[in-house]
Number of protein chains: 4
Amino acid sequence: MSHTINQKQNLILRAKRIQGQVEALVRALEEERDCSDILQLMSAARGAMNSLMSELLEGHIRSHVLNGKHRPTSQQVAAADEVIGMVKSYLK
Amino acid sequence: MSHTINQKQNLILRAKRIQGQVEALVRALEEERDCSDILQLMSAARGAMNSLMSELLEGHIRSHVLNGKHRPTSQQVAAADEVIGMVKSYLK
Amino acid sequence: MSHTINQKQNLILRAKRIQGQVEALVRALEEERDCSDILQLMSAARGAMNSLMSELLEGHIRSHVLNGKHRPTSQQVAAADEVIGMVKSYLK
Amino acid sequence: MSHTINQKQNLILRAKRIQGQVEALVRALEEERDCSDILQLMSAARGAMNSLMSELLEGHIRSHVLNGKHRPTSQQVAAADEVIGMVKSYLK
């Protein structure tokens, strides 16, 4: 996962935070907590997951689609930026 | 969470399965696994989360929106079914 | 469509605006316009559609799921508000 | 829009079909048709729009992100395929 070496710690931290959110959800279900609370927990975990997903997709596009043997042209970078912007808006 | 008493065990099981998926994702990030593998794990966890979310929303609509002091009419039940069908298709 | 009688004109206006956006998209495709422009037009039309969709779903929930022979309790209204809030956030 | 020259007619056809669906929606709102019918029309138009959107994004990725001055490597093509597969599954 070359493209995330730099941000690796940040990604792990975010994934661990989601892990904590899902654990809280499991507990809330086990304790038969209020349905609204459960939906809130679920919704927060899902939002964090979408956000991490779009981060990973961005990294994948930048490192593995855009960069091969040769440097991408500025047009390619601009096109990638557009795709990334749209993917991010869908995963909100 | 009255509306999930019956299916409570099933929901807990699914939430725990998601917990396992997120743990696998954290490990994959820590082990710097291949980016494609990480995206697959992420995507599977996200799918499972969306599916649990739509299940919880369905329960919430049926138990808390539809059912109050009085029994809902068959028209209300039919309208709820439509909403649930659409919510499920968006959360796929 | 009882629940939209009041807002009827507003909904029609919004649907017509989407119609205009889709017509602009068709023209842009026919004129072989720049790919980025086409994606922008498409994306704007899709956003407007999602927004109208969530409006219609909200109306459907409030008028047809919540209201039957009897008035809904305040708990039912609160539960409906939660569902509507979540549906809206997914359709953004 | 070089990347869609071949499929240009197909894309225009699909955009025109969406135009027809949105026109039907406007009419249904004007005629105060049944709320369920309106939601169905809306939902079908939205689905067709998502499907066209993912087609356009795929074309954009393949033609403008992947292809620059040099031919992409097979690894880049494989990475693009993964991104496209995920985008398609989100826009369903």
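Below, chain A is the first sequence line, B the second, and so on; all start at residue 1.
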Original post:
Under 4.0 Å between a Lys/Arg side-chain N and an Asp/Glu carboxylate O for D:Glu55 and D:Arg14?
Top reply: yes
Original post:
Side chain, backbone, both or neither: which part of C:Ala28 has a heavy atom under 4.5 Å from chain D?
Top reply: neither
Original post:
In Å, rounded to the nearest 0.5 Å, how long is the span from CD of D:Glu23 to NZ of C:Lys16?
Top reply: 11.0 Å
Subject >> Salt bridge present between D:Asp81 and D:Lys88 (N-O < 4.0 angstrom) >> reply: no
Subject >> Side chain / backbone / both / neither for C:Leu25 at chain D, heavy atoms under 4.5 Å >> reply: side chain
**OP:** Decide, yes or no, whether a salt bridge links D:Glu58 with D:Arg62 under the criterion of side-chain N to carboxylate O below 4.0 Å.
**Re:** yes
Original post:
For C:Leu91, is it the side chain, the backbone, both or neither that has a heavy atom under 4.5 Å from a heavy atom of chain D?
Top reply: side chain
Original post:
Of all of C:Leu57, C:Asn50, C:Ile18, which one pairs up most often with chain D through heavy atoms under 4.5 Å apart?
Top reply: C:Asn50
